[in-house]
Structure formats: structure tokens, C-alpha cells
Undergrad: 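Input: one structure, supplied below.
Lettering follows sequence order; numbering is per chain, from 1.
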Amino acid sequence: MTPHAVVRAALLEAARAIGALADDVGFTLGPTRDPSHGDLATNLAMLLARQLGRPPRAVAAALRDALQLPPGFARKVEVAGPGFLNVFLEGEQVAAVLPEVLARGAAFGRSDAARGQRVNVEFVSANPTGPLHVGHGRGAALGDAIASLLQWTGAEAVREFYVNDAGVQIDRLAQSLWARIQQAAGRDAAIPEGGYQGAYLQELAARVLQAEGRGFADLPPDEGVRRCRTIGMLSQREEQDDDLRAFGVRYDVVSAESDLYAQDRIGPMLADLAARGHTFEADGALWLRTTAFGDDKDRVLRKSDGTFTYFVPDIAYHRDKHERGFTRAIDVWGADHHGYVARMRAAMRALGYGDEFFHAEIVQLVRVMRGGQEVRFSKRSGEFVTLRDLIDETGVDAARYFFLMRRGDAQFVFDIDLATSQTDDNPVFYVQMAHARLSGIFRVAGRAAETVAAAGADLAALTQPEETEMLKQIRAFPDVVARAAATLEPHRVTGFLEGLARLVHLWYHKYRVLGEPEEQPRLVLARAARQVLANGLAVLGIRAPERM
RNA sequence: GCGCCAGUAGCUCAGCUGGAUAGAGCGUCGGCCUCCGGAGCCGAAGGUCCCGCGUUCGAAUCGCGGCUGGCGCACCA
């Protein structure tokens with residue numbers, strides 16, 4: 001039982017003793033920011049003040065008097081501020097987290113807060129028409145980390161990529177590639193309106209001619225474009241997969257829009273909506289009455305020319321996720337798609353799904369800075385900075401960390417100079433260095449960290465303020481992970497890691513471990529802090545190096 | 001015009017299911033420095049939390065109104 005659980009139970013008991021009901025007031029009991037406020041603080045008295053009709057501080061004093069904690073558990077309990085109750089634990093209680101960290105090792109921080117959830121996390125899902133850009137990288141880092149966080153809290157999470165391989169964008173890719181092949185064969189040909197201008201198609205055109213022979217350019221245009229469709233799409237998919245692999249992302253499932261047609265997922269979906277009475281015909285088109293479910297205007301499903309809008313396969317795809325048994329479908333979308341959220345949510349409601357099922361996580365665009373200047377163009381893509389360019393320049397760890405250290409819905413400036421800097425200004429370096437530094441202690445000691453045991457070490461000797469703070473920070477890790485998972489906000493973990501790394505660096509500079517009287521307990525602390533740094537980085541898919 | 005998101009230190013941003021004196025890094029200023037691995041360490045200054053009204057014992061946090069910025073408002077994808 002953690003100190004937190006002991007105090008919580010004692011508070012509930014004390015509330016009953018003074019004639020109050022504390023079970024439903026939602027009081028907080030947590031670590032304090034200021035050490036002078038003790039180790040654990042609760043706002044319970046202030047919440048009970050109204051119920052009891054007494055001033056908060058009087059309630060707090062009554063609670064304190066009624067509070068029964070085990071002997072030797074707390075140094076003191078005091079009433080503070082407007083009515084907080086601050087608990088000062090005995091040193092061995094504060095240090096009690098250390099044996100727990102050592103015992104659980106790489107699993108410390110895992111919980112079952114989200115057990116039972118089956119979550120589909122769909123991210124990147126770029127059209128197979130060109131290289132991935134930095135915005136996709138941000139979506140990839142975020143989607144991957146969200147899936148990981150959910151798994152750390154006991155949920156089942158599937159990472160999924162959706163390929164739009166049936167729309168007009170693919171036609172444009174095919175026509176653009178065909179035009180590049182014609183150009184490569186020395187003929188006049190223009191990239192069609194709305195086509196893809198990037199240099200990558202010139203390179204691909206040259207490769208195609210090399211592989212298929214010069215005669216490929218002499219094919220009848222119909223057949224040439226048809227073959228370019230397949231060739232272009234497959235090659236772009238392959239490149240995207242390579243980039244994502246290089247970025248450390250592993251997908252469990254890749255779904256294709258074309259399969260929705262091939263496997264007849266469209267008709268039954270439309271029949272379902274019609275049976276529920278949410279579709280209607282007007283102006284020669286078939287509409288979905290999304291306004292009945294919170295959208296601004298009704299949306300067309302089948303255009304008057306008989307073809308479907310993009311909305312139709314998308315609804316069918318999400319219905320498919322539901323039928324595959326997922327309890328939640330989280331989509332990571334670029335900000336340019338945020339106007340699409342309301343109608344998709346409306347469609348999910350129209351299908352009778354609860355609002356907990358569908359969630360769109362919007363990722364704002366990324367700007368890239370280098371040398372104080374915005375980097376706008378990539379040689380390869382012709383228009384944007386590619387994910388590959390970024391990885392080549394900063395490395396995977398820095399790129400992932402930077403994408404994750406800000407909320408997804410905040411605009412973000414990626415500073416390449418900072419990300420590649422080997423100094424403490426660089427948060428990735430700072431956090432990884434903390435891990436490497438602690439590893440260095442064991443290296444110098446000539447023993448593996450895993451051989452350091454808590455048993456027999458006098459953990460109550462860890463009394464320095466920095467040590468107490470480290471213990472509190474380590475204790476908080478499982479809650480940080482759970483909160484980050486619940487809110488889908490990985491940046492809470494980077495913030496936590498920077499806080500712990502800062503304490504580690506402060507402690508390391510101020511105290512020695514080896515050869516000191518406190519060597520044993522400090523080795524235990526170092527091992528635990530190192531473990532928690534490694535676990536936090538693991539959640540985010542970032543390496544924890546032994547040395548820098 | 002309507003909708004979504006954001007507005008916190010000079011800069012980049014945390015903090016937002018309401019809690020104590022609003023935090024971090026960078027930058028600035030001052031001091032220190034050969035230590036288990038670093039261009040390192042210590043300290044200081046710096047804020048109308050966009051504005052106003054409201055709810056509350058208590059508001060950066062919740063509600064309403066306004067201002068500013070980004071994005072979106074197709075029988076496009």
C-alpha cells in the first residue's frame with residue numbers, strides 16, 4: 001500500500017468521524033510543489049466546509065484531530081493556507097517508492113487505468129502521392145506515443161494506417177508521372193492542373209524508363225497512365241513505409257480505401273444509414289442529415305453525377321473499425337482537416353455510436369527554423385520539408401522528442417539548431433544525458449545497475465532536499481503516465497522527464513555517490529531514477545543511452 | 001459572417017476535471033569553476049496570466065461578451 005493510499009483511506013475515515021461524507025466530493029490528495037507544504041496535501045476540508053457549514057480551517061483542524069495514521073508514518077500533519085491539510089511523511093515512507101521501482105523495473109509506471117479498452121489509433125494516413133513531410137512526422141510521433149501511452153495504461157491499442165488509394169489524387173499522380181516519363185523521353189508534356197510538381201516524380205520517371213525500357217514511353221496514353229497509377233502508388237507507399245520505419249513507427253494494420261469497395265463495405269453502410277432514417281434525396285443527390293447530429297449543414301453522400309463523395313468511404317471505414325470491435329477510434333489529423341471533424345462525429349452518431357467512440361486529435365502545422373531562418377523548401381519534394389530530410393539532419397530521437405514536447409494542438413516551431421545541439425539547452429540531450437550520467441556512476445563503480453539492491457540499504461539516509469524531491473518526482477511517474485494517456489497528451493511525459501533530469505543533474509553536481517557514507521542508498525536512488533528516465537523515454541519511443 | 005483551436009516572463013512554451021507566493025528552458029545581469037563524463041555550476045532581475053463581467057470561500061483554470069492570431073467553412077480530397 002502506498003503512502004498515498006494509506007492517507008486517503010485515513011482521510012475518508014476521519015471525515016466520517018466528524019460527520020461528513022467525503023466519498024463523493026472528489027477531493028485531491030497529491031504531491032506538493034513546495035517542500036514547506038509537506039509531502040502530501042489535500043483540499044478535502046475546503047470541499048467539506050460547505051457541507052458542514054463551518055469555516056474551511058475549522059474543518060481542517062477537526063479532520064487533523066480525527067485523522068488516525070499508523071505509528072511512525074508521519075512526522076506531522078498541519079493545517080495551512082485557506083484550509084489545506086499538509087502531511088509530512090517520515091523519511092522511510094518517502095523512500096518507500098525505491099524498492100517498488102527496483103522490483104517493477106521496466107514496468108514501473110504501467111497501470112490498468114484503461115484496461116478493457118480496445119483502441120484503434122490511426123495516424124499519418126498520407127495519400128500515396130509523394131514523400132512524407134514534417135507535418136506527417138509530427139502526426140507519426142504523436143499517434144505512436146498515444147498508442148504507447150494507452151498500452152501503458154492497460155488498453156489494447158492498434159496502430160493503423162489508411163491508404164486513400166481510390167480517389168482522384170491517385171489519378172493526378174498517375175497523370176503527373178506519365179507526363180514526367182514523356183518529358184524524360186524528350187517530348188513535350190505538361191503536369192496536369194492540380195498535379196504533383198515535385199522533383200521526386202522526375203527521379204521516379206527515370207527509374208521507370210530504366211526498368212521498363214525506353215519503349216514504355218511509347219505505350220498508348222491510356223495504358224501508360226493506367227500502369228503509372230500502380231507504379232506510382234506502390235513506389236510512394238514503399239517510400240513512406242521506409243520513412244516511417246526509419247522514424248521508429250511500426251504499424252499493426254494498413255487499410256486501403258479500395259478494399260472498402262472490393263469487400264462491399266459501402267452499400268451496407270448506406271443501407272444502415274437509410275434504415276435509421278438519416279438520409280434523404282434532394283437535387284438529384286443523396287444526403288446525410290448531419291445537422292441532426294451537431295453539424296453546420298447537411299452533407300452530400302452521392303453526387304448528382306452518381307459518384308460518391310470522399311465522405312462515404314470514410315464513414316464506411318470508421319464503421320468497419322467499430323465492427324472490428326474497437327471501443328474507441330482515435331484519428332490523428334492535420335489541422336487542415338479540422339473542418340471535417342464535426343461531420344464525421346455526426347456520421348458516427350447517425351450510426352448510433354456513443355460519443356466516446358470517435359475522437360479526432362488535431363495536429364497543428366509545423367514550421368522549421370534553422371539559423372534563425374524559416375526553412376521552406378526541400379529539394380526533393382519541391383514544396384515542403386520532408387520527414388526524411390529532418391531525420392537525416394537531427395536524428396530520430398531528437399525529432400520524436402521535439403514533436404512530442406508540445407501539445408499537438410499548439411502551433412509549433414521546430415528549431416533544428418536546438419535539436420542538434422549537444423548542450424543542456426537541448427531538452428533531448430539534457431534528458432538523455434541525465435540517463436547517461438547515472439549509467440556512468442555504475443560504470444565507474446564497476447557493477448551493473450541491476451545488481452544494486454534496496455534490501456540492506458539505509459534509505460532513510462536520503463535526506464538531502466534534492467533527494468527528497470527526486471523521490472517525489474519518481475513517485476509521481478505512474479500518475480503522469482495515466483494522466484497523459486487519459487488526455488492523449490504525451491507532452492506531459494516530456495515535461496516530467498525534464499523535471500526529473502533537472503533534479504538528477506542538480507543532485508549529481510552537488511553530491512558524490514561512490515566512496516561516501518551514503519553510497520548504498522544513493523546507488524539505489526540512482527538506479528531508480530535511471531530506470532524511470534528509461535521508462536519515460538520508452539513510452540515516447542526514444543532511446544535511453546548508456547553514454548552520449 | 002459562422003465554426004474549431006490558441007492568446008501566460010524579452011523569446012519558445014508548461015500549468016487549465018478551480019486551490020497556497022503562476023513555473024521551466026533560452027536570453028539578460030552578477031558570481032564561481034580541473035571532481036562518478038561535457039561549453040559546466042550558483043544566484044538575481046523579469047508577469048495587467050489579451051480585456052471586461054459573472055459563478056465561487058478561492059479563477060490563469062469554469063460561464064458569458066469582446067479583441068487579436070491560426071485553421072476550416074464544396075455535389076474537392
Side-chain angles (χ1 to χ4, degrees), chain A residues 26-28 30 32-34 36-37 41-43 45-47 49-50 55-57 80-84 86 127 129 164 166-170 172 194 257 282-287 294-311 313-314 334-343 360 362 364-365 369 405-415 418 421-427 429-430 433 436-446 483 486-487 489 491-492 494-496 498-499 502 505-506 508-516 519 522-523 526 547-548:
Chain A
F27 69 93
T28 59
T32 55
R33 187 180 299 169
D34 184 337
S36 71
H37 295 153
T42 181
N43 64 348
M46 291 180 282
L47 295 171
R50 197 169 322 158
R57 283 189 66 99
F84 288 99
N86 294 335
N127 287 334
T129 53
N164 293 115
V168 302
Q169 297 304 326
I170 304 300
R172 288 177 184 158
E257 183 183 0
D283 306 324
L286 178 69
W287 299 68
D295 197 7
D296 296 340
K297 54 185 86 167
D298 293 328
R299 305 293 174 175
V300 170
L301 296 171
R302 192 185 61 231
K303 296 177 261 182
S304 52
D305 67 3
T307 64
F308 292 129
T309 58
Y310 177 84
F311 194 26
D314 240 14
D336 54 338
H337 283 74
H338 94 253
Y340 201 64
V341 175
R343 82 183 69 166
I362 296 300
Q364 293 290 336
L365 304 180
M369 303 287 285
M405 72 183 181
R406 301 291 178 227
R407 300 168 45 147
D409 59 8
Q411 292 168 53
F412 173 57
V413 178
F414 194 117
D415 184 339
L418 182 59
S421 147
Q422 299 284 301
T423 68
D424 290 354
D425 309 348
N426 180 353
F429 180 87
Y430 190 70
M433 185 64 187
R437 218 161 222 177
L438 294 174
S439 303
I441 295 174
F442 297 99
R443 195 158 51 239
V444 169
R483 186 75 189 273
T487 56
E489 294 177 335
H491 78 269
R492 293 175 184 277
T494 62
F496 169 87
E498 283 162 47
R502 180 166 162 272
H505 289 304
L506 285 174
Y508 179 92
H509 282 293
K510 194 160 171 181
Y511 309 102
R512 289 187 60 83
V513 175
L514 303 178
E516 299 293 308
E519 174 172 318
R522 282 184 180 161
L523 279 173
R547 51 181 74 206
M548 297 302 288

Undergrad: Report the residues that fulfil side chain to side chain contact (heavy atoms under 4.5 Å, CB included) with Asn164(A), sequence neighbours left out, ordered by chain and then residue number.
TA: Asn127(A), Tyr162(A), Glu257(A), Tyr310(A)
Undergrad: So which atom in Gly334(A) and which in Ile362(A) form the shortest heavy-atom distance, rounded to 0.1 Å?
TA: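 Minimum heavy-atom contact is O-CD1, 4.2 Å.
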Undergrad: When the C1' atoms of C50(B) and G69(B) are considered, how many whole Å apart are they?
TA: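 Result for the C1' pair: 11 Å, nearest Å.
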Undergrad: What distance, rounded to whole Å, do you find between the two P atoms, one in G15(B) and one in A9(B)?
TA: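 Approximately 15 Å lies between the P atom of G15(B) and that of A9(B).
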Undergrad: According to side chain to side chain contact (heavy atoms under 4.5 Å, CB included), who are the partners of Tyr508(A), at least two apart in sequence or on a separate chain?
TA: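 If we apply the side chain to side chain contact (heavy atoms under 4.5 Å, CB included) test to Tyr508(A), skipping adjacent residues, the hits are Arg437(A), Ile441(A).
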Undergrad: For His505(A), give me all partners under ring-ring contact (aromatic ring centres under 6.0 Å, His included), at least two apart in sequence or on another chain.
TA: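 His505(A) satisfies ring-ring contact (aromatic ring centres under 6.0 Å, His included) with Tyr430(A) once adjacent residues are dropped.
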Undergrad: Who are the side-chain hydrogen bond (donor to acceptor under 3.5 Å, both in side chains) partners of Asp295(A), not counting sequence neighbours?
TA: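 Once residues adjacent in sequence are excluded, the partners of Asp295(A) under the side-chain hydrogen bond (donor to acceptor under 3.5 Å, both in side chains) criterion are Thr290(A), Arg299(A).
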Undergrad: Which residue, Leu506(A) or His491(A), contacts RNA chain B at a nucleotide closer to its 5' end, judged by nearest heavy atom?
TA: His491(A)
Undergrad: Mind checking salt bridge (Lys or Arg N to Asp or Glu O under 4.0 Å) for Lys510(A) and listing every partner two or more places apart, or none if nothing turns up?
TA: Glu466(A)
Undergrad: Under 4.0 Å, heavy atoms only, any strand: does Arg492(A) hit a base, just the sugar-phosphate, or nothing?
TA: sugar-phosphate
Undergrad: So do Tyr511(A) and Arg522(A) actually touch side chain to side chain, heavy atoms under 4.5 Å?
TA: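 Side-chain contact under 4.5 Å: yes.
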Undergrad: If the C1' atom of C53(B) is compared with that of A44(B), how far apart are they to the nearest Å?
TA: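 Pairwise C1' distance, C53(B) against A44(B), rounds to 39 Å.
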Undergrad: Between C4(B) atom P and Asp295(A) atom CG, what is the distance in whole Å?
TA: 12 Å
Undergrad: With sequence neighbours excluded, what pairs up with Glu489(A) under the side chain to side chain contact (heavy atoms under 4.5 Å, CB included) test?
TA: Thr487(A), His491(A), Arg492(A)
Undergrad: Classify the nucleic acid contact of Asn86(A) as base, sugar-phosphate or nothing, counting any heavy atom under 4.0 Å across all strands shown.
TA: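 Here Asn86(A) touches the bases of the nucleic acid.
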Undergrad: Can you name the side chain to side chain contact (heavy atoms under 4.5 Å, CB included) partners of Thr307(A), sequence neighbours left out?
TA: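 Result, side chain to side chain contact (heavy atoms under 4.5 Å, CB included) vs Thr307(A): Lys303(A), Asp305(A).
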Undergrad: Taking A20(B) as the reference, what is the distance to C35(B) when you measure between their P atoms (whole Å, please)?
TA: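 It works out to 41 Å between them.
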Undergrad: In the 5'-to-3' direction, what one-character label does each nucleotide of nucleotides 21-36 of chain B receive under the scheme B = base within less than 4.0 Å of a protein heavy atom, S = sugar-phosphate only, - = no such atom?
TA: ---SSS--------SB
Undergrad: Check whether any side-chain N or O of Thr309(A) sits under 3.5 Å from a backbone N or O of Val300(A) as a donor-acceptor pair, and report yes or no.
TA: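 It does hold such a pair.
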Undergrad: Applying a 3.5 Å limit to both distances, which nucleotide forms a Watson-Crick or G-U wobble pair with G38(B)?
TA: none
Undergrad: Check the interface with nucleotides 6-9 of chain B: list each N/O to N/O pair with the protein under 3.5 Å, or write none.
TA:
from, atom 1, to, atom 2, distance (Å)
A6(B), OP1, Arg407(A), NH2, 3.1

Undergrad: G37(B) P sits how many Å from Arg547(A) CZ, rounded?
TA: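 From Arg547(A) CZ to G37(B) P: 10 Å.
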Undergrad: Which part of the nucleic acid, if any, lies within contact of Arg522(A), taking any heavy atom under 4.0 Å across all strands shown: a base, the sugar-phosphate backbone alone, or nothing?
TA: nothing
Undergrad: Indicate, with a heavy-atom threshold strictly under 4.0 Å, whether Met405(A) touches base, sugar-phosphate, or nothing.
TA: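 No contact.
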Undergrad: Considering only atom P, compute the distance from C49(B) to G65(B) and round it to an integer number of Å.
TA: 22 Å
Undergrad: What is the distance, rounded to the nearest whole Å, between atom CE of Met46(A) and atom C1' of G18(B)?
TA: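 About 10 Å, once rounded to whole Å.
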Undergrad: Both distances below 3.5 Å, Watson-Crick or wobble geometry, any strand: find the nucleotide opposite G3(B).
TA: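 Answer to the pairing question: C71(B), which forms a Watson-Crick or G-U pair with G3(B).
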Undergrad: Please state the P separation for the pair C57(B) and C41(B) - nearest whole angstrom.
TA: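 Pairwise P distance, C57(B) against C41(B), rounds to 47 Å.
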Undergrad: Find the partner of A44(B): check Watson-Crick (N1-N3 plus N6-O4 or O6-N4) and G-U wobble (N1-O2, O6-N3) distances, both under 3.5 Å, and reply none if neither fits.
TA: U28(B)
Undergrad: Using a 4.0 Å heavy-atom cut-off, does Ile362(A) contact any base of the nucleic acid, only the sugar-phosphate backbone, or nothing at all?
TA: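 Here Ile362(A) touches no strand at all.
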Undergrad: Identify the nucleotide, in any strand shown, that forms a Watson-Crick or G-U wobble pair with U21(B), with both distances under 3.5 Å; if there is none, say none.
TA: none
Undergrad: Separation of Leu47(A) atom CG from U56(B) atom P, in whole Å?
TA: 16 Å
Undergrad: Quick one: closest heavy-atom pair of Gly83(A) and Ala45(A), and the distance?
TA: O-CB, 3.5 Å
Undergrad: Under the side-chain hydrogen bond (donor to acceptor under 3.5 Å, both in side chains) rule, collect the residues that match up with Gln169(A), sequence neighbours excluded.
TA: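 In terms of side-chain hydrogen bond (donor to acceptor under 3.5 Å, both in side chains), with neighbours along the sequence ignored, Gln169(A) is linked to Tyr196(A).
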Undergrad: In whole Å, I'd like the distance from the CZ atom of Phe27(A) to the C1' atom of U17(B).
TA: 15 Å
Undergrad: On a whole-Å scale, what distance lies between the P atoms belonging to U68(B) and A59(B)?
TA: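 Comparing P positions in U68(B) and A59(B) gives a spacing of 28 Å.
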Undergrad: For Arg302(A), what residues pass the side-chain hydrogen bond (donor to acceptor under 3.5 Å, both in side chains) criterion, not counting sequence neighbours?
TA: Glu281(A)
Undergrad: Base contacts versus sugar-phosphate-only contacts with protein, heavy atoms under 4.0 Å: please encode nucleotides 68-77 of chain B as B, S and - from 5' to 3'.
TA: --SBSSSBSB
Undergrad: Need one value for Ala41(A): base, sugar-phosphate or nothing, where a base atom within 4.0 Å counts as base even if backbone is also close, heavy atoms only.
TA: base
Undergrad: Taking atom P in both C51(B) and G7(B), compute the distance separating them and give it to the nearest angstrom.
TA: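 Roughly 13 Å separates the two P atoms.
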